[in-house]
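Notes for the one structure printed next.
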Amino acid sequence: MRRSRAFIPTTKEAPSDASLASHIYLSRAGFISQVASGLYSYMPLAKRVIKKIENIINEEMTKAGAEEVELSFVTPASLWQESGRIEKFGKELLRFRDRKENLFVLGPTHEEMMVDMVRNRVTSYKQLPINLYQIKTKFRDEARPRFGLMRGREFIMKDGYSFHASVADMDREFDAMEAAYKTILTRLGLDFRIVEADSGAIGGSGSKELMVLAGSGEDTIAVCSKCEYGANVEAAKRSGRVTIPEAPVAEFNKFKTPNVKSIEDLEEFFKVDGYYTMKCVAKRAVYEDDSEVVLFFVRGCDTLQEVKAQNATGALDIVDVSEEELRELGLIPGFIGPLEQGCAKHVIDIDLRDAKSMICGANEEEYHFVNVDMSVMSEAYYADIAAVNEGDICPYCNGTLSFTKGIEVGHIFKLGTTYSAVLKAEFLDENGKAQPFVMGTYGMGVSRLVAAVIEQHHDDKGCIWTKTTAPYMVNIMISNIKETPQVELGEELYAKLQAAHVEVMLDDRKERFGFKMNDAELIGFPYTIIIGKELENGLVQIFDRKTKESFSVSKDEVFSKIMDLI
RNA sequence: CGGGGUGUAGCUCAGUAUGGUUAGAGUACCUGGUUUGGGACCAGGGGGCCGAAGGUUCGAGUCCUUUCACCCCGACCA
């Protein structure tokens, strides 16, 4: 492509509302154009990058035995009513009616559509397994879209669904998809981690997220210093802590503790480590038809992980409760403990099972119990509800956990029969018995990947595309188009590289050197061939965007040199 | 969905407290000229329903009411 003919509207200034590097540079370099909140148009450069990513996904999916399909974007609301998700998704589903007043939904994900396509067509275990995927625009009417392509309302996603006759076969496919996703992200040139994730209300026996590591990521993930373990903090586990403080020595007793309400007060009052105190976090668990107050107990040095807490109760949502509500139930905020207290349901963190030497509220104004032995509460409901801390011990080895930020670019689920059962998608097994399909689902955010590449690969000058994602591999810059020899060499190289199937841009604009260089750095071509002053000595320069270094080569060798580099 | 903020030239923004000729700057764009290794310089030029609707007033970008859009924090995000 000739730069003089290309539609690449670069600007010196970023949109005032852009804060993330990917948003700023993709806007400034003329990749994307915002049209409304969470809606972006892809200009030529972005379109090229998207195609590259899609091609890599297609290649790896094909290798893994998956078949590409395309489901309609507009989906009948009746399918969503059938699965029950029309309520669950709520306002995120954009609904509208056609001229015949039939209700439709813009597809935010396509489990229902895919199941609908397969059910009654695949009817025997002999036809299984199958794995179908598509790469398509999705629409979720997010309450608050933000960060450019990172969290748009309309976005491109690869979504795949596999159908199996057994859980074991689904597990096999799940592992194969994980491996394929690993290959895809590696080929894209990304530094990533596959982590264990919260499966959420949708259930299923397991899920993993693919996290591109970047400081600007919205998710916090815990990673092990020694082994491969990584998990979203919403799901991270631990096996304990490195050092356990010395236990306080005391007899079981009820102590008067005036004005000692917070954990800090307790630690100060008894001169004891927070490890031996018990914190109560009261929440209201909201279910489909009713709600109740639930008391969550964790060690004073821990914090409640709300996603885990929600999962432990099976609630649809958990919300804060006021002190007044607690008092109405007969609870005394600041002095709530698990002993001798039956006002509300308890969930106790597993780390407190059989804990000794604990201090907890006595459910009486200004009193705490000391030297509590939790083994007396062995019948209580224990669950993993505490957030892991940096420095906690890995659940699989003796390494320690540390936190890092990640961008979720993929999520793979073992769905099981969640959808097939409710949508009555069944096959006949070897015994002629009807069984719902066992399913897996595999998502990857294509447009989010575009942003993720830049979040991980940029500098203060602009984008630094990896070789497999770059919209053009080589940029030929003619420093001064009034110098005929420069133009001639530029044209010659341009023709030669095109003939060699290299994606090449020829910057033939009547602009000054500095202007064109800044432009090239902003766009982020991996290599720029600078044809300029040194041509008098038979030399041109090759500029490497990643290292920002350039070196001279003779004009006769530049073609073979660039072919070596790419 | 709660709280806050902003809408003026393609873009980034002044101007609005205290209403007053023809609404400004930088940048981008067009013309001509000089430049040509890190976003050049000079001269000339085009470009605005001041988000929208209604109101107050002799007079509204500015004051009042309504509304829409966009952004930020939070909640939400299988």
Side-chain angles (χ1 to χ4, degrees), chain A residues 9-20 23-24 27-28 30 33-39 80 83-85 87-93 108-112 138 140-148 150-153 155 157 159 161 197-204 206-207 209 218-219 232 234-235 286 306-307 310-311 316-320 408 411-416 418-419 422 439-443 445 448 461-462 477-483 486 509-522 528 530-536 539-541 543 548 550 552:
Chain A
T10 57
T11 60
K12 209 180 273 189
E13 289 187 90
S16 54
D17 47 50
S19 57
L20 275 196
H23 191 190
I24 291 170
S27 302
R28 280 192 53 205
S33 158
Q34 183 174 12
V35 291
S37 179
L39 303 181
W80 295 84
S83 73
R85 285 212 293 181
E87 283 86 23
K88 189 167 263 169
F89 253 98
K91 288 186 173 174
E92 266 188 48
L93 281 183
T109 173
H110 279 170
E111 280 82 3
E112 284 84 351
K138 301 285 184 289
R140 295 183 187 176
D141 200 357
E142 292 256 6
R144 187 148 98 85
R146 60 192 119 170
F147 304 142
M150 203 68 88
R151 182 178 287 281
R153 289 192 292 173
F155 56 97
M157 183 163 91
D159 51 324
Y161 310 85
D198 170 47
S199 294
I202 202 70
S207 86
E209 288 170 336
E218 288 191 82
D219 291 282
N232 194 309
E234 293 176 350
V286 181
E306 296 207 7
V307 173
Q310 185 180 333
N311 290 341
L316 296 175
D317 194 12
I318 56 170
V319 297
D320 291 343
E408 183 192 339
H411 201 160
I412 55 178
F413 273 89
K414 292 181 180 179
L415 277 183
T418 314
Y419 289 90
V422 67
M439 293 178 62
T441 177
Y442 320 97
R448 184 178 278 183
K461 292 291 223 171
M477 191 190 94
I478 301 169
S479 298
N480 186 346
I481 62 158
K482 286 189 178 169
E483 296 286 336
Q486 290 185 16
R509 292 173 299 170
K510 181 182 174 297
E511 295 288 352
R512 294 162 64 93
F513 179 85
F515 182 92
K516 290 187 190 178
M517 273 308 285
N518 280 323
D519 210 50
E521 283 169 315
L522 177 61
T528 293
I530 302 170
I531 302 173
K533 274 182 174 173
E534 291 289 305
L535 186 58
E536 292 174 15
L539 296 174
V540 298
Q541 284 70 47
F543 173 81
K548 281 169 95 171
S550 59
S552 291

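Proteins come first, then strands; the chains are lettered A, B, ... in the order of their sequence lines, and each starts at number 1.
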- Task: Determine, answering yes or no, if A/F515 is stacked on B/G39 under the 5.5 Å centre rule and the 30° plane rule.
- Result: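 By the stated criterion, A/F515 and B/G39 do not stack.
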Nucleotide nearest [X] (side chain, heavy atoms from C-beta), chosen from [options]:
{"X": "A/E111", "options": "B/G37, B/G39, B/A78", "answer": "B/A78"}
{"X": "A/K12", "options": "B/A28, B/C77, B/U35", "answer": "B/A28"}
{"X": "A/A143", "options": "B/A28, B/A75, B/A78", "answer": "B/A75"}
{"X": "A/E13", "options": "B/A75, B/C11, B/C70", "answer": "B/C11"}

Categorize [X] for me: base, sugar-phosphate, or nothing, with a 4.0 angstrom heavy-atom threshold over every strand shown.
{"X": "A/T109", "answer": "base"}
{"X": "A/K461", "answer": "base"}
{"X": "A/P15", "answer": "sugar-phosphate"}
{"X": "A/K516", "answer": "nothing"}
{"X": "A/E483", "answer": "nothing"}

Per-residue pairing states of RNA chain B in dot-bracket (Watson-Crick or G-U under 3.5 Å; . unpaired, | other strand) read (((((((..((((......[...)))).((((((.....)))))).....(((((..]....))))))))))))....
B/G39 base / A/E511 side chain donor-acceptor hit below 3.5 Å:
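No such pair is found, so the answer is no.
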Give a yes or no on whether a donor-acceptor pair under 3.5 Å exists between the nucleobase atoms of B/A69, that is its base, and the side chain of A/S37.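 No such pair is found, so the answer is no.
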- Protein-nucleotide distance (A/K510, atom NZ; B/U34, atom P), rounded to Å: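 Those two atoms, NZ and P, are 10 Å apart.
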Between A/F543 and A/M477, does the side-chain contact (heavy atoms from CB on, under 4.5 Å) criterion hold? Intermediate values first, please. CA-CA 10 Å; A/F543 173 81; A/M477 191 190 94; over 6 Å; no
- Message: Restricting to side chain to side chain donor-acceptor pair (under 3.5 Å), what partner residues turn up for A/Q486, sequence neighbours left out?
- Response: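 A/Q486 satisfies side chain to side chain donor-acceptor pair (under 3.5 Å) with no other residue.
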Check: Is the glycosidic angle of B/A23 within 90° of 0, making it syn, or outside that range, making it anti?
Finding: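 Base orientation: anti.
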Using OP1 and OP2 only, check whether a side-chain N or O of [X] sits under 4.0 Å from [N].
{"X": "A/Q34", "N": "B/C71", "value": "yes"}
{"X": "A/S16", "N": "B/C13", "value": "yes"}
{"X": "A/K91", "N": "B/C1", "value": "yes"}
{"X": "A/R144", "N": "B/C76", "value": "no"}
{"X": "A/R146", "N": "B/C71", "value": "no"}
{"X": "A/S207", "N": "B/A78", "value": "no"}

Per-pair distances, 0.1 Å, donor-acceptor, side chain in residues 510-521 of chain A, under 3.5 Å, sequence neighbours excluded:
residue, atom, partner, partner atom, Å
A/K516, NZ, A/I478, O, 2.6
A/K516, NZ, A/R509, O, 2.6
A/N518, OD1, A/K461, NZ, 3.0
A/N518, ND2, A/G514, O, 3.2
A/D519, OD1, A/T10, OG1, 2.8
A/D519, OD2, A/R3, NE, 3.4
A/D519, OD2, A/R3, NH2, 2.4
A/D519, OD2, A/R509, NH2, 3.0

Return the set of residues passing salt bridge (charged side-chain N to carboxylate O under 4.0 Å, His left out) with [X] (not counting sequence neighbours), or none when no residue passes.
{"X": "A/E209", "value": "none"}
{"X": "A/E306", "value": "A/K283"}
{"X": "A/E142", "value": "A/R151"}

